[in-house]
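First the proteins, then the strands, lettered A, B, ... as listed; each starts at 1.
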Amino acid sequence: MQHRVAGIDVGGDKKKCNLVILQGDQVLLSVGKQTPADLRRHCLEYEVMAVGVDAPCQWRLGDAGRVAEAMLAKQRISSFSTPTRAQALASLSGFYGWMFNGEAVYQALADDFALLETPAWNGQRICFETFPHAIVCAFLGREVACARRKSTQRKQLLQTLGIATATLKSVDARDAALCAVTARYLLQGQARAYGDALGGHIHVPKLDQHIVMAS
DNA sequence: AGGTACTCGTTGGCGCCTGG
DNA sequence: CCAGGCGCCAACGAGTACCT
């Protein structure tokens, strides 16, 4: 029997969080507008082993950016750079609201799903940071991954992976599903960790070769 | 009416090109 | 030979357009 895994797409205060729970290719649960406490409750109810979260697990600490983001950037996988907590608080645009919600998610999960601080799974119930665009790059290759077409491309990728997308209505649900898929790969030892202990790791599936989808 | 799809604004780091 | 300017592009959210 396969471990149950979860993926969380973190939104702002209005959209809140999307949660998808998978067992193998089966979607056991797909819900939106969840608070951090809701997420914890569902993951406990379904006896989830690993939770992939689409939000930074740590703020930047000093002047230099997080190592994980720098490593992704070196591979030309773009991401929004995480500021220090003080910088995020000082921003007036509200742009970083979702990162603060992510912080609350990790706090809500922490007691039952400890943040994975090593590159590989340690056998415990865990949560970890992941990132949909990097996941798509891992499956399809960086040249193919394109955020402009993400709504159709990510849906098609999930279908190619054998996951029924009928219950994954929104882009956010599909992103959460990709995070859950990454959790499954991580438990199977088929994941790559970007980053270091200080700035935190970003986990992404590791494949021998890219998937080619019909266009 | 509701859903889907697309654009724009926000932020910061890297690649690339050019000029001194 | 290196500094600096420009373009690109992740995430979300708000707004708009179009379709059923």
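Summarising the geometry, the separation between CD1 on A:Ile202 and P on C:dA11 is reported as 11 Å, rounded to the nearest angstrom. A:Gln156 places its CD atom 17 Å from the P atom of B:dT4, with the value rounded to the nearest Å. With rounding to whole Å, A:Tyr96 atom OH is found 14 Å from C:dC12 atom P. C:dG13 atom C1' lies 12 Å from atom CG of A:Asp13, rounded to whole Å. Atom CZ of A:Arg174 is separated from atom P of C:dC12 by 13 Å (rounded to the nearest Å). One can place CZ of A:Arg66 at 14 Å from C1' of C:dA10, the figure rounded to the nearest angstrom. Residue A:Trp98 contributes atom CH2, which lies 20 Å from atom P of B:dG9 at whole-angstrom precision. Note: CZ (A:Phe100) to C1' (C:dC12) measures 15 Å, nearest angstrom.
Between A:Ser93 and B:dT11 there is a side-chain N or O to OP1 or OP2 distance below 4.0 Å. Contact check, A:Lys74 against B:dC14: no side-chain N or O comes under 4.0 Å of OP1 or OP2.
Listed nucleotides B:dC14, B:dT11, B:dG12 differ in distance to A:Ser81; the shortest reach to its side chain belongs to B:dG12. For A:Ser78, whose side chain is taken as the heavy atoms from C-beta onward, the closest listed nucleotide among C:dA11, C:dA10, B:dT11 is C:dA10.
Between the side chains of A:Trp59 and A:Gln87, no donor-acceptor pair of N or O atoms lies under 3.5 Å. For the 3.5 Å distance criterion, the side chains of A:His201 and A:Glu117 fail to qualify, holding no donor opposite an acceptor. Judged by distance alone, the side chains of A:Glu69 and A:Thr82 do bring a donor and an acceptor atom under 3.5 Å apart.
At a threshold of 4.0 angstrom between heavy atoms, the contacts of A:Gly11 are confined to the sugar-phosphate backbone, with no base atom among them. At the heavy-atom level, A:Asp54 lies under 4.0 Å from the strands shown only through sugar-phosphate atoms. Contact annotation for A:Asp9: backbone-only contact, meaning every heavy-atom pair under 4.0 Å involves sugar-phosphate atoms and none involves a base. A:Ser79 comes within contact range of at least one nucleobase, with a heavy-atom separation under 4.0 Å.
Note that the CG atom of A:Asp38 and the NZ atom of A:Lys33 stand 13.0 Å from one another [nearest 0.5 Å].
Map A:Lys14 and A:Ile77 each onto its nearest nucleotide of DNA chain C; the residue landing nearer the 5' end is A:Ile77. Annotation: of the two residues near DNA chain B, A:Arg60 and A:Arg76, the 5′-most nearest-nucleotide partner is A:Arg60.
The aromatic ring of A:Phe80 stacks onto the base of C:dA10, its centre lying under 5.5 Å from the centre of the six-membered base ring with the two planes under 30° apart.
When all heavy atoms of A:Pro56 and A:Met99 are compared, the pair lying nearest together is CG-SD, 4.0 Å.
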